[in-house]
Structure formats: structure tokens, C-alpha cells
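First up is the structure itself, then whatever we jot down about it.
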Amino acid sequence: SHYLYLPMKLANSARLSYRLMNENDAEQLFQLDQDPEVMHFINGGKPSSKDDINSVLVPRMNAYRDEAKGWGLWQVDHTETGEYLGWVLVRPMYFFSEHPEFDNLELGWRFFQSTWGKGYASEAAQHIKDQLSVNKSIKSFSAIADENNLASVGVMKKIGMSYIKTYHHVDPLFECDVVYYQIKNT
């Protein structure tokens with residue numbers, strides 16, 4: 001069935017529209033990372049430099065980005081105003097390790113502080129999970145966050161994920177104790 005190789009398009013959800021980001025979106029990625037509050041649980045609050053974006057974030061995104069599978073960073077915009085609100089990450093869990101889990105998709109999210117508390121992250125993550133869940137080769141959806149990032153953990157719970165474990169996460173970008181949540185794709 002050849003249609004599977006076309007870029008995945010996501011329908012709009014109640015308030016939001018979605019577009020898979022690419023290397024031409026470095027400026028949008030940069031803007032989002034300028035707020036110390038947004039970066040607080042990522043690296044202690046240090047805004048990303050343009051060099052961080054171009055030499056680290058964009059190459060990492062390109063490594064897991066797959067238009068046909070819907071992996072990458074989905075830009076989330078407000079449908080009515082066109083405002084750029086943030087992004088939702090989709091990639092195989094442990095992608096940058098020796099043992100990526102291609103049947104277990106990691107979901108992540110980063111939204112401008114001005115949008116917090118309005119349910120956008122939950123709406124976007126739920127919608128993307130629902131759209132991807134029609135692919136039954138995906139066995140589960142997972143998410144990790146700094147254990148103190150209660151807002152992010154709240155999103156995980158809202159979209160139906162359950163606590164699995166706490167562990168010490170190390171990757172090239174950050175190191176901390178994280179909570180791991182998951183929901184099976186039934």
C-alpha cells in the first residue's frame with residue numbers, strides 16, 4: 001500500500017493545528033527556548049543559543065524525524081489566531097541509545113509560558129497519540145520528565161499514562177532523576 005510513504009498529516013483538534021517541523025524552523029525552536037521558565041526543568045533555566053539550536057537541536061531532530069511515520073517535532077498553532085504555541089515531540093523511546101524501542105513512542109512537549117494552564121499541551125499530546133495509535137505496530141506511548149516538573153507529569157496523567165518508574169536519565173542534553181509514565185496502545 002503505497003500511501004503509507006506519504007508525509008503524515010494531522011487533522012486539527014478542537015483548538016489546535018499541527019505541522020511537522022524541519023531545519024527551516026530553527027528560529028521557532030530558538031524563540032521557544034528563550035524563556036528561563038520554559039528551560040527550568042530542561043537545563044536549569046539557560047536559554048538556548050542560536051548555536052545550540054543549529055548544532056545540537058536541529059541535527060537531533062533530523063536524526064529521528066520521519067515524515068511517513070509522524071516522528072519529529074510537531075509545531076502546535078492556535079487554529080483561530082495562527083499563534084505558535086509550542087511543539088510536541090514524537091520519537092521512539094531511547095532513540096539515542098544502543099536499544100531504541102521502535103514500538104514504544106516517546107511523547108514530549110514544550111510550550112511558551114504564556115500558554116501554560118490552558119490545556120494546550122494535554123490537548124495536543126492526546127490528539128497526536130490518538131492519531132498515531134491507529135498504527136497497531138506501536139505497542140505503547142511513553143513520556144519522561146524531571147520528577148519535580150509537576151505540570152508535565154500532570155499532562156502525562158491527563159492523557160491516561162500511568163507511573164512506571166523513577167530513574168536517573170542521562171543524555172547529551174541533560175541529566176537528572178526522571179519519572180517515566182506510559183500507556184499501552186490497545
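In this structure a side-chain-to-backbone donor-acceptor pair under 3.5 Å is present from Ser55 to Asp51. For the pair Asp77 (side chain) and Thr79 (backbone), a donor-acceptor distance under 3.5 Å is absent.
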Stepwise side-chain contact (heavy atoms from CB on, under 4.5 Å) test for Leu20 and Gln75 | CA-CA 6 Å; Leu20 201 57; Gln75 179 173 324; over 6 Å; no
Take Met39 and Lys46 through the test side-chain contact (heavy atoms from CB on, under 4.5 Å) and record every step on the way to the result.
-> CA-CA 6 Å; Met39 301 306 286; Lys46 184 174 161 286; 5.8 Å; no
Stepwise, does the side-chain hydrogen bond (donor to acceptor under 3.5 Å, both in side chains) test hold for Tyr180 with Ser142?
-> CA-CA 7 Å; Tyr180 182 114; Ser142 300; 3.2 Å; yes
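The closest side-chain heavy-atom distance from Ile128 to Leu10 is below 4.5 Å. Between Val76 and Thr115 the shortest side-chain heavy-atom distance does not fall below 4.5 Å. Two residues are said to be in side-chain contact when any heavy atoms from C-beta on lie closer than 4.5 Å; Pro47 and Gln34 meet this criterion. Looking at Phe141 and Glu106, their side chains never come closer than 4.5 Å, going by heavy atoms from C-beta outward. Put simply, the side chain of Trp116 reaches to within 4.5 Å of the side chain of Val38, judged on heavy atoms. Taking 4.5 Å as the limit, some side-chain heavy atom of Arg110 sits within range of a side-chain heavy atom of Ile42. The shortest distance between side-chain heavy atoms of Arg65 and Arg91 does not fall below 4.5 Å. Taking 4.5 Å as the limit, some side-chain heavy atom of Leu107 sits within range of a side-chain heavy atom of Val90.
Residues Tyr163 and Phe41 do not share a hydrophobic cluster, defined by chaining ILVMFWY side chains whose heavy atoms lie under 4.5 Å apart.
For the residue pair Ser140 and Asn185, no side-chain donor N or O sits within less than 3.5 Å of a side-chain acceptor on the partner. Asn135 and Ser137 are linked by a side-chain donor-acceptor pair at a separation below 3.5 angstrom, with hydrogens and angles left out of the test.
Heavy-atom minimum distance, Asn54 versus Ala26: OD1-CB, 3.6 Å. Scanning both residues, Ser122 and Lys158, for their nearest heavy atoms gives OG-CD, 3.3 Å.
Residues Phe111 and Tyr120 keep their aromatic ring centres 6.0 Å or farther apart. Two rings, from His127 and Tyr18, have their centers less than 6.0 Å apart. In this structure, the ring of Phe112 has its center less than 6.0 angstrom from the ring center of Tyr84.
If you take CD1 on Ile138 and CG on Asp103, they are separated by 9.0 Å, rounding to the nearest 0.5 Å. Rounding to the nearest 0.5 angstrom, the gap separating the CG atom in Asn22 from the CG atom in Asn62 is 8.0 Å.
Ion pair Arg19/Asp25 flagged as a salt bridge, since at least one NZ, NE, NH1 or NH2 atom sits closer than 4.0 Å to an Asp/Glu carboxylate oxygen.
Sorted by first and then second residue, the pairs that involve residues 114-142 and meet salt bridge (Lys or Arg N to Asp or Glu O under 4.0 Å), not counting sequence neighbours, are Arg15-Glu123.
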Check residues 144-156 and write down every donor-acceptor pair under 3.5 Å in which the side-chain atom is one partner and the other belongs to a residue at least two apart or another chain.
from	atom 1	to	atom 2	distance (Å)
Asp146	OD1	Asn148	N	2.7
Asp146	OD1	Asn148	ND2	3.4
Asn149	OD1	Ser152	N	3.2
Ser152	OG	Trp109	NE1	2.8

